[in-house]
Structures are given as structure tokens and as C-alpha cells.
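Here's the structure, in C-alpha cells; my notes come after.
All values derive from a computational prediction rather than experimental measurement. As a basis for the values below, the full set of heavy atoms in this structure was taken, side chains included, without hydrogen atoms, waters or symmetry mates.
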Amino acid sequence: MIHALAWIPVLFLLVVAQKTILDIFSFHLLSIELSLIFVVFAAFHMSVFRGGILTLVTGFFVGTMTGSVTSLFMFLYMTLFYVSVLVSTRVYIGQPYFIMVFTMFCAFLEGMMLVIINRCIMGAPALYPTLLAVLPQIFVLGLISPLFFKAFRKFEVLVHAKTAQPD
């Protein structure tokens, strides 16, 4: 239980970093969703219950930081989480190339779901500019995803090592 609670401050800092620091350095032209990398990591390396709860927390943090429609990112991330869980049970997930390609697929899927939701529910007419904004994010997330997977794995090992020691 402690190792699941240890992720909450890390996720909060991850979302704050993606929404403030990365947006400042990219001049608001490119939005890099590091939280999406965590959602794919949680689906690949955590149990369904723990990963699902942490995915909901991540979606809540992203939704509150962006000021979007209530529970939009919670829904998107849970959908991507369960798609990733289904894929992880059928495929060997240790290769960095597979992690890159699958993260790019999830980023594309998230972008398409956001475009469809914006178009159908909110009546946003801009389909082409939204797709142009999503495409660079897809490639950047794919390139940096193996590095974040290694960092997340190291954090998991650190937390498990701390909780496994007797008092």
C-alpha cells in the first residue's frame, strides 16, 4: 500500500512539470504529456487495481491543471490504460522499440479522442490544426518514453526496497 501512495507526490510533480516547465520552454507550441507515459507504464508494470487507481489520480491532476471538462482526462487515461493492459498481456513488453511505438500509438489515440470530443461535444470546427498540434507530441513522446520507463522502474525499485526493510 505504501508503494502506491509513494507515487502520488511523484505524479503531482510530473503533471506540474509537464504543464508549467515544459510549456514555458516550448513557448506553448508543443505540449508534452509525460503523464501519458506513466499511464502506459502503469498498464505494463503494475496490477490492474493499483495502476487503475494511479491512472485515475493522474487524470484528475491533469484535468485540474488544464481546466478541462470535468473527468475528461480521467476517462481518456482509463481508456488508454485498459487498452495498454490488454496489449501487455499478449506482447513481450521489454523492448525499447516496442515501448516507443506503443507510446506513439497511445498518444495518437489520445489525440484522436480529444479531437473527436472537441468536435462532437464542444463544436470545435478546427480539425486540421488540432491534428498538426498533436503530431509533434506523438514523436517526442515516443522518443523519450524508454527513458521515462527506466526512471519509473528505478523509482519502483527504490520504493520497494524502502518498504521491504524491517523497522
Side-chain angles (χ1 to χ4, degrees), residues 1-23 25-26 30-66 68 71-114 117 133-164:
M1 182 64 181
I2 296 294
H3 54 275
L5 292 175
W7 274 105
I8 293 176
V10 172
L11 292 175
F12 180 73
L13 292 174
L14 186 74
V15 171
V16 168
Q18 89 180 16
K19 290 299 171 195
T20 56
I21 297 169
L22 294 177
D23 281 350
F25 288 125
S26 67
L30 179 65
S31 175
I32 301 172
E33 291 202 26
L34 302 176
S35 55
L36 180 64
I37 297 174
F38 174 77
V39 169
V40 175
F41 173 81
F44 285 178
H45 295 289
M46 293 182 187
S47 68
V48 174
F49 180 73
R50 184 169 61 129
I53 295 296
L54 290 174
T55 298
L56 280 175
V57 169
T58 306
F60 175 74
F61 286 156
V62 172
T64 55
M65 287 294 290
T66 59
S68 65
S71 71
L72 172 67
F73 280 97
M74 292 171 74
F75 169 73
L76 290 176
Y77 284 170
M78 284 305 290
T79 303
L80 292 173
F81 175 77
Y82 284 117
V83 166
S84 300
V85 166
L86 289 174
V87 169
S88 73
T89 59
R90 308 219 186 312
V91 180
Y92 177 65
I93 54 175
Q95 297 295 328
Y97 296 116
F98 176 74
I99 292 169
M100 289 172 60
V101 169
F102 190 74
T103 304
M104 290 170 73
F105 169 74
C106 286
F108 178 73
L109 190 61
E110 180 198 20
M112 292 309 298
M113 286 191 297
L114 282 172
I117 289 171
V134 169
L135 287 178
Q137 174 186 346
I138 292 170
F139 294 114
V140 171
L141 279 179
L143 290 176
I144 65 173
S145 60
L147 300 173
F148 276 91
F149 264 63
K150 283 185 182 181
F152 292 154
R153 271 319 262 174
K154 286 185 181 188
F155 181 75
E156 282 264 314
V157 169
L158 176 74
V159 170
H160 281 293
K162 295 277 185 189
T163 58

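Taking CG of L54 as the reference point, atom CZ of F49 lies at 10.0 Å (rounded to 0.5 Å). The distance from atom CG of L141 to atom OG1 of T103, rounded to the nearest 0.5 Å, is 7.5 Å. Between the CD1 atom in I8 and the CD1 atom in I53 there is a gap of 9.5 Å [rounded to 0.5 Å]. Annotation: the span from T58 atom OG1 to L36 atom CG amounts to 10.5 Å, rounded to 0.5 Å. Atom CD of residue E33 and atom NZ of residue K19 lie 5.0 Å apart, to the nearest 0.5 angstrom. Atom CZ in F61 sits 13.0 Å away from atom OG1 in T66 (nearest 0.5 Å).
S88 and F44 get closest at one heavy-atom pair: CB-CD2, 3.4 Å. Nearest heavy atom pair, residue V40 against residue C106, reads CG2-SG, 3.9 Å. Pairing each heavy atom of P146 with each of P96, the nearest pair is CG-O, 3.9 Å.
Taking a 6.0 Å sphere around CZ of F139, one finds it holds 12 or fewer heavy atoms contributed by other residues, nucleotides or ligands. Counting heavy atoms of neighbouring residues, nucleotides and ligands inside a 6.0 Å radius, atom CZ of F98 exceeds 12 of them.
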Q: Applying side-chain contact (heavy atoms from CB on, under 4.5 Å), run through F102 and V91 and close with a yes or a no.
A: CA-CA 11 Å; F102 190 74; V91 180; over 6 Å; no
### Task
Start with the C-alpha distance between L76 and V62, add both sets of side-chain angles, then the distance that settles side-chain contact (heavy atoms from CB on, under 4.5 Å), and finish with yes or no.
CA-CA 11 Å; L76 290 176; V62 172; over 6 Å; no
*asked:* If you apply the rule side-chain contact (heavy atoms from CB on, under 4.5 Å), what do you find for F60 with Y77, and how did you get there?
replied: CA-CA 10 Å; F60 175 74; Y77 284 170; over 6 Å; no
Working for side-chain contact (heavy atoms from CB on, under 4.5 Å), residues F81 and L56:
CA-CA 10 Å; F81 175 77; L56 280 175; over 6 Å; no
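In this structure, T55 and L80 have side chains that are not in contact, with every pair of non-hydrogen atoms separated by 4.5 Å or more. For the pair V140/L143, no side-chain contact is recorded, criterion being any heavy-atom separation below 4.5 Å from C-beta on. L114 has its side chain within reach of L72: a pair of non-hydrogen atoms, C-beta onward, lies under 4.5 Å apart. Between M100 and F149 there is no side-chain heavy-atom pair separated by less than 4.5 Å. No side-chain heavy atom of V87 sits under 4.5 Å from any side-chain heavy atom of F105.
Within the 3.5 Å criterion, the main-chain N or O of S35 finds a donor-acceptor partner in the side chain of Q18. In this structure a side-chain-to-backbone donor-acceptor pair under 3.5 Å is missing from S71 to M74.
For F148 and F41, the ring centers are positioned 6.0 Å apart or more.
Between W7 and F152, the ring planes lie perpendicular to each other; the angle is over 60°, past the 30° to 60° tilted range.
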